[in-house]
Amino acid sequence: MAVNNHDEEILAKNNIIVTTFEKLWNWGRSRSFWPLSYGCNCCPIEMMASGAARFDIARYGYEVFRAASRQADVLVVAGPITAKMKPAVERVWAQMAEPKWVVAMGNCAVSGGPFVDGYSVLPGADTIFHVDVYIPGCPVRPEAPFQGLLELKKKVEKQ
Amino acid sequence: MLQTDQYNINIGPIHPSTHGGLHVEAVMDGETIVDAIVHVGYVHRAVEKIAESRTYTQFIPYASRLDYLASHLPTMGYVQTVEKMLDIHVPERAEYIRIIMGEFSRIASHILFVGSLAIDLGATTGFTYCMRDREKILDLFEMTSGQRMIASYMRFGGFAEDLPEEFIPAARNFLKNIPQMFDEYNHLLSGNEILQARLKNIGVLSAEDAINYGITGPNLRASGVDYDLRKAEPYGIYDRFAFDVPLGEKGDNYDRFMVRLQEIEQSGRIITQALDQLPEGEIRAKIPRIVKPEKGLEVYHRIESAKGELGYYIVSDGGEKPYRLHVRAPSFINLMVLPLISRGGKLQDIIANIATLDPVLGEADR
Amino acid sequence: MEHFFVNTAHALVAWLTGLGLAPGWADLILLVVQWIAVIIIVILNITVLIWLERKVSGFIQQRLGPNRLGPFGMFQTIADAIKLLTKEDIVPSQTDRMIFKTAPMVFIIISVMLYVVIPMGDGMEIVDLNVGLFYFISIGSLSTIALLMAGWGSNNKWSLLGGMRSVAQMISYEIPLAFSLLGVVMITGSLRMSDIVAAQSNIWFVVLQPIAFITYFISATAELNRGPFDMPEAEQELTSGAYTEYTGMRWALFFLAEYTNLVAVSALMATVFFGGWQGPWLPSWLWIIIKTYLILNVFFLIKWTFPRIRMDHLMSFSWKFLIPVSLANILLTGAGIEVLMRMGW
Amino acid sequence: MYGTGLLKGLGITLKHTFEREITQQYPEQMPVLPARFRGNLQLDFQDCIACEMCTKVCPNGVLSLESVRDDKTNKKKLMSYSIDFQYCMYCNFCVENCPKHCLHFDHNFELAAYDRENIKKVYQRPQELVTDLPEEIVAAEEKNQKRISVMIGALQKDAPKILGKLLEDEEKGKVLAAALASDQDKLEKIAVMMVEDIEKAKKVAGALANKAAKDHPKEGNVVA
C-alpha cells in the first residue's frame with residue numbers, strides 16, 4: 001500500500017534519527033557523484049573537456065572518473081546506444097552499486113537524436129533504464145553537464 | 001620451459017582507453033599479447049543508410065558527425081564531393097576559409113591525439129594542457145558557427161556566413177602561440193624518457209605493411225611513405241601553399257606521435273599563408289535551392305582528413321536524395337593493422353598502439 | 001608546547017598508577033590510548049591529504065580543484081566518505097569470499113602498523129624498537145599480500161593481473177629500498193629510529209647519502225604503487241587493477257591504506273634523510289609534519305607529471321640499475337667510514 | 001643525460017602550479033558566448049507565415065507546425081508550432097531558410113530536464129491573436145471553450161454521477177471522483193478530454209480509476 005504525504009509526515013516525526021541520517025547520506029551522495037568513464041561519440045569529448053582546466057568538473061567534486069563500474073555512482077550515457085552496445089551498457093549498469101543514477105547527455109542519449117532513424121540505434125537511453133536527468137544538446141557545451149549534474153544533486157537532496 | 005596457459009581478455013567496449021566503443025579481444029600469455037582481435041561496430045549509427053533518406057543538403061550535419069574531432073574536414077570532403085557532382089565553382093574567399101577551418105580542425109584533432117595519448121599512458125596533466133590549447137580552437141569555431149565541436153558551417157558552394165570580425169586576430173593569436181605550446185609538449189611529453197621508452201620501437205609498422213593494409217594519413221607517413229593527398233593530388237586550393245610533409249623513419253609509436261606533432265606546425269604554416277592571402281569577396285556561390293544531380297551520376301572524391309584518406313562515393317538517381325553514399329573511413333582501415341603491430345607486445349603496449357593509431361570510432365563504425 | 005604530548009602521556013600513567021594500578025597495566029592502557037590516537041590521526045590526516053592531492057593536482061593542471069564544500073572545498077572528502085559508507089556492498093558470486101572480504105582489512109591493518117616505530121616528535125615513538133627500521137621494512141613489504149589477496153579473491157582477470165603486477169613490483173623494489181637504508185644504518189650503527197634521528201643533529205643524511213636518498217625515493221614510490229609506478233591500479237589499462245571488483249567502503253579501505261602507507265613512507269623519509277623531528281623554533285612534532293607534507297607534495301607532483309612506466313621496464317630498472325647502484329653506495333659508504341675511522345674521526 | 005627530460009617535465013608542471021588558474025566557475029561566472037552561439041531555438045510567433053520551409057529543410061524532423069488556411073485572404077495562419085529539441089542537430093538550416101527571420105537561436109544552453117517531455121517546446125497561438133483567425137474557427141473555438149467550462153462546472157458539482165456514466169460503472173466513478181476531488185488539474189484535463197474526444201477520456205478515466213482503486217482498496221481509508 002502506498003504511503004501518502006500525510007503518513008510520511010507522521011513517520012518522519014516518529015523517526016527523527018532516521019530522517020536526519022537520510023539527510024546526511026543524501027548530502028554526501030549528492031556532493032560526490034563519481035561518473036563512470038564511458039562514452040561513444042562526440043559528447044564524451046565534451047565530457048573530457050569539462051574535466052580539463054577551463055571548465056573543471058572537480059570544483060563540484062565530481063571529477064573522479066572511475067574506470068571500474070563498481071565504484072561509479074553516475075552512468076553518464078554520452079552518445080547513442082546501439083544495438084551492439086546495449087548488452088554491454090546493461091551489464092555495466094548492473095555492475096554498479098546502489099545508489100546509482102543515469103544522466104543522458106546529448107541528444108543521442110536522450111532520444112537517439114540525429115541517428116534515431118538508423119536501424120541500429122536505440123531511441124534513447126530510457127529504453128533500457130530509468131534516466132534521472134536529460135541534457136539535450138548536440139554536442140552539449142561542457143557547462144551543460146554541470147547544470148545537469150547540479151539538477152541531479154537537487155533531486156538527490158530531495159529524496 | 002614452464003607450460004603456460006593462454007587466456008582472453010576483453011579490452012572494451014567500455015574501457016577508459018578505447019576511444020569510444022572499440023572492443024579488442026586480446027589473447028594473452030601472461031602480460032604478453034599473442035593475438036588481438038578487433039571488434040568494431042559498437043558505434044554503428046547507420047549513417048550511410050540515413051544518408052539515403054536525407055536530401056543532399058540535409059546530410060551536411062551528419063557528415064560533420066563522422067569525425068567529430070575534426071568536424072570541418074569530413075564536412076569539407078562531403079561538400080566538395082557534391083560540388084564535384086554539380087560542377088559548382090566555389091568563390092575564392094570561401095576556398096581560403098575552407099582551408100583555414102580545415103587546417104584548424106586538423107590541429108584540434110592532433111592536439112586531442114596528443115592529449116589522449118598522454119592520458120592513456122597515465123600522464124593526466126599533459127592531457128589537460130592539450131585540452132587547454134584545444135579550447136582556443138574551439139572558441140574560433142564557436143565564433144564562426146556557434147557550435148564548439150560540430151560546426152555545420154560549410155554549405156554547398158561556400159559557407160553559411162562570413163567570418164566574424166574578431167576571427168582573424170584571434171586566429172593569428174593562436175598561431176603565434178604554437179611555438180610556446182610546442183615547447184611545453186616537448187618538455188612534458190616527447191622529451192620525457194618514460195614516454196620515449198613506452199613508445200620507441202613499439203608497434204612497428206613497416207612501410208610495406210602499411211601500404212599493403214591500405215593505411216593512410218599520419219600513420220602511413222610515420223612509416224616513411226611520402227604520401228599526402230594535399231601534395232599528391234591537390235584538391236581545393238592546396239597547391240597554392242608551401243608546406244612540408246613530415247615523415248617518420250621506423251613507423252613505431254614514437255614516429256606516429258612525432259609526425260602528428262610536426263603536422264600541427266605545418267598546418268599552422270598553411271593557415272598563416274591562407275590568412276595572409278585571404279581575398280575579399282563573395283562567400284557563397286549561387287546554387288539552386290534544391291540540389292538534384294543528374295541521374296546515374298557516380299562520383300568519388302577524397303581528401304586528406306586528420307586521420308587519413310577520407311573518401312565519399314555518391315551515386316545519384318536523379319532525385320533529391322543520394323541513391324547510395326559510401327564513406328571510405330580512414331579510421332576503420334587504419335584500425336585493422338592493430339593486431340599486426342600488437343602481437344608480441346605487452347598489454348600496456350596495446351593501449352599505446354590504439355592511441356597512436358588514433359581511430360575515431362564514429363568514423364570507423366559510421 | 002614542545003613536550004605537550006609526552007607530558008600528557010606521563011600524566012596519564014602517573015594518574016593510573018596513582019589509582020593503584022600496577023605500572024605494567026598502566027603502560028598497557030597508555031599503549032591502547034596511543035593506538036587509538038594514531039588511528040584517529042591517520043584518518044583525519046588522510047581526509048586532509050586526499051583533499052590536498054585533489055587540490056594540488058588541480059593547481060598543477062591550472063584548475064581549481066574542489067572548492068564548493070566548506071572553505072576551499074575542505075569537506076569534499078567528508079562527503080565522499082559518507083557516500084562510500086552508504087554505498088551498496090557487492091560481493092560478486094564467483095569470488096573467493098573469505099579472501100575477498102579480508103584483503104582490504106589486512107591492507108589497512110598493515111599500513112597502520114607502520115606508524116608504531118615512527119618518531120613523531122622528541123620521544124614520541126609509540127614503541128622505540130631496537131630494530132625499528134627493520135620492522136618498518138618488513139611490515140611494509142607485507143602489503144603485497146593484501147593486494148595479491150584482492151587480485152586473486154576477486155576472480156577477475158584485470159584484478160589478477162593487477163595483483164600479480166604488484167607482487168612482482170614490490171618484491172623487486174624491496175631490495176633497493178632496504179639497501180638504500182643500509183647506508184644510513186652503517187653510519188649510525190643502529191636500527192633504532194631515535195638513534196638515527198639523533199645522528200642527524202649536525203648534518204642531514206640526505207647530504208651524506210645522496211645516492212641512497214635517490215634510490216630510496218624511487219623505490220619508495222614503487223613500493224607505494226604511486227604514479228608513475230601505479231601498476232596494480234593502472235586505470236587506463238587495467239580499469240582499476242586489483243580493486244576492480246570492490247565497491248563502497250571496501251574499496252575506500254584500500255584507498256585509505258594506500259594513503260596511510262604514503263604518509264608512513266614519507267614520514268620515514270623525513271626521519272631517515274631529513275633529520276626527523278629536529279628543527280629550530282617550532283616544536284618537534286610540528287617539524288616532522290612539515291617535512292612529511294613537503295615530501296608528500298613532491299610525490300604528488302611526480303605522480304601528476306609522469307606517464308606510467310611499462311611493467312618490464314619497471315622490473316629491469318630495479319634489477320639492472322637500482323640494485324647495482326644501491327650496492328655500490330653501500331660499498332662507497334663502507335669505504336668512506338673505514339677511511340674516516342683510520343683518520344681518527 | 002638520462003633523466004633530464006624527466007626534470008624538465010617536473011619544471012613545467014611546477015611552473016604551472018603557481019600560475020593563475022584558467023577555470024571559469026560556471027554557475028556564478030557565466031561563459032562569454034559569441035554572438036552566433038546556438039543555444040535554444042526560439043520562434044517569433046507573430047511573424048511566422050507557416051510557409052513550412054523550416055520543417056522541410058530540417059534534417060531530423062525537429063520542427064512541426066499546425067496551420068489553418070483563411071479562405072478570404074487565402075493566407076495560412078499558424079495555429080501551433082512545436083520544437084522537439086531532443087532531435088535537434090544545431091545545423092542552423094531552419095534559421096537560414098526562414099524567409100521571415102522568425103527563428104533564432106538564443107544563448108541559453110541550460111536545458112537539462114528531469115523529464116523527456118519537458119524538452120519539447122510547443123508554441124500555442126496567443127490569446128490576443130485568436131480573433132485574428134477565420135470566423136468559423138474562432139466560433140468553433142469559443143463553443144468548445146464554453147462546453148469545457150460547463151463540463152468542469154458539472155464535474156465539480158456532481159463528479160461521481162458523471163464519471164460513473166462515463167465509465168459505465170458507478171462504483172468506479174465514485175472511487176475516481178474521490179481521487180480527483182483533491183486534484184483539480186486532472187479534473188480539468190478529463191473535462192477537456194470529455195469534450196474533445198470521449199473515447200480517449202474513457203480510457204484515461206478507466207486507467208485512473210483502476211489506479212485509485214489499487215492505491216486505496218477501501219474508500220474509507222482515504223485521508224482527506
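Throughout, a chain's letter reflects where its sequence line sits, starting with A, and its residues are numbered from 1.
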Side chain A:K84, main chain B:V40, donor-acceptor under 3.5 Å: yes
Work out which heavy atom in B:A46 is nearest to a heavy atom in A:Y119; give both atom names and the distance. CB-CE2, 3.5 Å
Tell me, for B:I50 versus chain A, whether the close heavy atoms (under 4.5 Å) come from the side chain, the backbone, both or neither. side chain
Please name the pair of heavy atoms, one in B:P13 and one in A:A88, separated by the smallest distance, quoted to 0.1 Å. CG-CB, 3.7 Å
Can you name the closest pair of heavy atoms from B:I150 and A:P139 and give their distance? CD1-CD, 3.9 Å
Could you check whether any side-chain N or O of B:Y62 sits under 3.5 Å from a backbone N or O of A:P114, counting only pairs where one atom can act as donor and the other as acceptor? yes
Keeping B:R65 on the side-chain end and A:C138 on the backbone end, is there a donor-acceptor pair under 3.5 Å? yes
Less than 6.0 angstrom separating the ring centers of A:F115 and B:H44, yes or no? no
Charged N to carboxylate O below 4.0 Å: is that the case for A:D117 and B:R45? no
A:R54 side, atom CZ; B:T128 side, atom OG1 - distance, nearest 0.5 Å: 14.5 Å
Counting heavy-atom pairs under 4.5 angstrom with chain B, the leader among A:C42, A:G118, A:P80 is A:C42
Atom group of B:I119 that falls short of 4.5 Å from chain A, counting heavy atoms: neither
Quick check for you: among B:D139, B:V360, B:V47, which has the greatest number of heavy-atom pairs under 4.5 Å with chain A? B:D139
A:F65, part contacting chain B, at a heavy-atom distance under 4.5 Å: neither
Give, as side chain, backbone, both or neither, the part of A:P44 having an atom under 4.5 angstrom from any heavy atom of chain B. neither
Picking from A:V92, A:V89, A:V121, A:I45, which has the most non-hydrogen pairs under 4.5 angstrom with chain B? A:I45
